[in-house]
Amino acid sequence: MALKIYYDKDADLGRLDGKTVAILGYGSQGHAHAQNLKASGVDVVVGLRKESPTWAKAEGAGLRVLGVAEAAAEADIVMMTLPDETTAAIYREHVEPNLQPGNYLAVAHGFNIHFGVIKPPENVNVFMVAPKGPGHTVRANYEEGRGVPSLVAVHQDPSGDTLQIGLAYAAGLGAGRAGIIETNFREETETDLFGEQAVLCGGLVALMTAGYETLIEAGYAPEMAYFETIHEVKLIVDLIYEGGVANMRYSVSNTAEYGDVTRGPRVIDADTKARMKEILSEIQTGQFAREFILENQSGGLQFSALRRRGEEHPMEEVGARLRELMPWLKEKRLVDRSKN
Ligand code: NDP
Ligand code: MG
């Protein structure tokens, strides 16, 4: 099946004229959606809890902020950039009672709609615009006149123009500069979860940690281990990002390349792939979704403990020390916790 990719020329931002867009939540995605859409000339209101410390950050960026229910009530298009594990509860209490027939309900990830945790009324349009990058990058790229490629998908379309509204929204985020790829909720949800678990976050961090620990356990200096197995990952990935694996292999030494092609497949082998298939199947059957929802409903104790264990790994302290020696890393940071 040929992939449908849309660009700015295929999207009509004018579709959002006269419409108010509520961005619920102002975290990684929310701050980028709100600020990019506003800069694209869209009427935006941010919805947050009254006691949220984030309220001041959004107002500091010149945005209008209301309570979640008030923002949802005012808007024609409601984007829920809220944590996936709490979106359903917030939706039931504050959003659903404020949806009018013909409104548009939007998400940045298909999790709750695909797994049926949220079942919107039939007279409401439902679409997804899912940027294929962290929110801070979505904002930073927009400011530089670039965009992060995004996915668009329509779940239900009583008004008959939901794809056009979704494309306009994505273009307002800057995604039309890079490509807006049409998909469906199932495909986005399952591939997104798999990517972050097996490769991008889970697989990568486990690979780097194992490499780091191997060098430490063999008696090498922590700083050396950190540079080799963690810090330099970005430099290698930059080369792949720019021109694929061949571009990286062109740049590294023959020694590195020979080690790469002969040793890499011994680190990640058929057993690893079998476990990846297992992980994909847990996603497809809804087992992962159920586990994540139940974990959060029961207080998230295991999640907190695992998060803390990660934070307390000695390599994090070594990395912090090394970054102090490279002050330029602090310039133009993607994340400034006082603002975004
Ligand atoms: P964050 O955790 O960064 O932000 C969540 C926001 O929701 C915060 O502003 C938080 O407010 C607010 N919030 C949390 N609980 C409540 C509540 N009970 N009532 C009102 N507001 C609340 O989320 P992300 O941006 O990471 O994720 C948002 C969505 O985007 C998810 O669906 C995710 O899958 C998707 N996505 C995320 C990507 C990313 O880059 N992180 C990439 C692509 C998609 P407060 O500030 O008050 O805590
Ligand atoms: Mg993701």
Side-chain angles (χ1 to χ4, degrees), residues 22-36 44-61 63 65-73 78-96 98 105-115 117-118 126-142 147-153 155 169-170 173-175 178 180-181 183 185 188-197 200-201 283 288-289 292-293 296-297 300 303 307 334-340:
I23 307 295
L24 306 185
Y26 194 75
S28 179
Q29 285 295 318
H31 93 281
H33 289 227
Q35 293 191 41
N36 291 8
V44 173
V45 59
V46 172
L48 282 170
R49 291 174 280 204
K50 297 268 155 55
E51 71 280 12
S52 168
T54 313
W55 194 289
K57 292 188 197 176
E59 284 189 342
L63 290 152
V65 190
L66 293 173
V68 174
E70 290 77 12
V78 181
M79 167 57 86
M80 300 192 291
T81 40
L82 298 161
D84 294 309
E85 67 277 17
T86 50
T87 300
I90 301 168
Y91 168 80
R92 254 171 242 126
E93 192 180 342
H94 301 291
V95 180
E96 194 170 58
N98 290 301
L105 182 68
V107 290
H109 174 38
F111 190 92
N112 283 288
I113 301 280
H114 172 65
F115 290 114
V117 198
I118 292 178
V126 180
F127 71 86
M128 160 175 42
V129 170
K132 288 285 93 186
H136 296 93
T137 308
V138 173
R139 179 59 189 149
N141 272 17
Y142 182 93
V148 169
S150 298
L151 304 177
V152 68
H155 177 66
Y169 186 104
L173 287 187
I180 307 164
I181 302 162
T183 181
F185 273 63
E188 184 276 340
T189 304
E190 293 175 358
T191 57
D192 185 76
L193 292 173
F194 178 77
E196 62 205 20
Q197 292 176 20
L200 304 176
C201 309
I283 293 167
F288 172 78
F292 183 53
I293 290 166
N296 285 287
Q297 278 172 358
F303 190 9
R307 193 179 252 164
L334 293 169
V335 177
D336 173 351
R337 292 192 190 203
S338 73
K339 294 206 194 91
N340 61 19

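In what follows, residues are counted from 1 in the order of the sequence shown. One-based numbering, in listed order, for ligands and for the atoms of each.
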With a 3.5 Å distance limit and no angle check, can you tell me whether [X] reaches the backbone of [Y] through a side-chain donor-acceptor pair?
X    : Y    : answer
N36  : L173 : yes
N112 : D84  : yes
H31  : S28  : yes
N340 : L334 : yes
K339 : A61  : no
E85  : N296 : no

- With a 4.0 Å cut-off on heavy atoms, does P131 reach ligand 1? yes
- Message: Please determine whether any non-hydrogen atom of A89 lies less than 4.0 Å from an atom of ligand 1.
- Response: no
- Sorted by chain and residue number, the side-chain contact (heavy atoms from CB on, under 4.5 Å) partners of E51 (sequence neighbours excluded) come out as R49
Atoms of ligand 1 less than 4.0 Å from [X] heavy atoms?
X    : answer
T54  : 45 (P), 46 (O), 47 (O)
G133 : 40 (O), 42 (C)
G25  : 6 (C), 7 (O), 9 (O), 12 (C)
T81  : 5 (C), 6 (C), 7 (O), 28 (C)
L82  : 7 (O), 12 (C), 13 (N), 21 (N), 22 (C), 28 (C), 29 (C), 31 (C), 32 (O)
Y26  : 6 (C), 8 (C), 9 (O)

- Task: Could you pull out, from S150, G27, A69, the option with a heavy atom nearest to atom 8 (C) of ligand 1?
- Result: G27
- Message: If you take the nearest heavy atom of each of A108, P134, P83, which one is closest to atom 2 (O) of ligand 1?
- Response: P83
- Task: Check M79 against A108 and note the closest heavy-atom contact, atom names and distance.
- Result: SD-N, 3.8 Å
- Query: Run the side-chain contact (heavy atoms from CB on, under 4.5 Å) check on V65 and Y26 step by step: do they pass?
  - Reply: CA-CA 10 Å; V65 190; Y26 194 75; over 6 Å; no
- Decide yes or no on side-chain contact (heavy atoms from CB on, under 4.5 Å) for Q197 and I283, but give the supporting numbers first. CA-CA 10 Å; Q197 292 176 20; I283 293 167; 3.6 Å; yes
Please determine if [X] has a nitrogen or oxygen closer than 3.5 Å to a nitrogen or oxygen of ligand 1.
X    : answer
S52  : yes
L48  : no
G135 : yes

- Message: Test of understanding: given a 4.0 Å heavy-atom threshold, classify the contact between V68 and ligand 1 as side chain, backbone, both, or neither.
- Response: side chain
- Under 4.0 Å, heavy atoms only, figure out whether ligand 1 is touched by the backbone of D192, its side chain, both or neither. neither
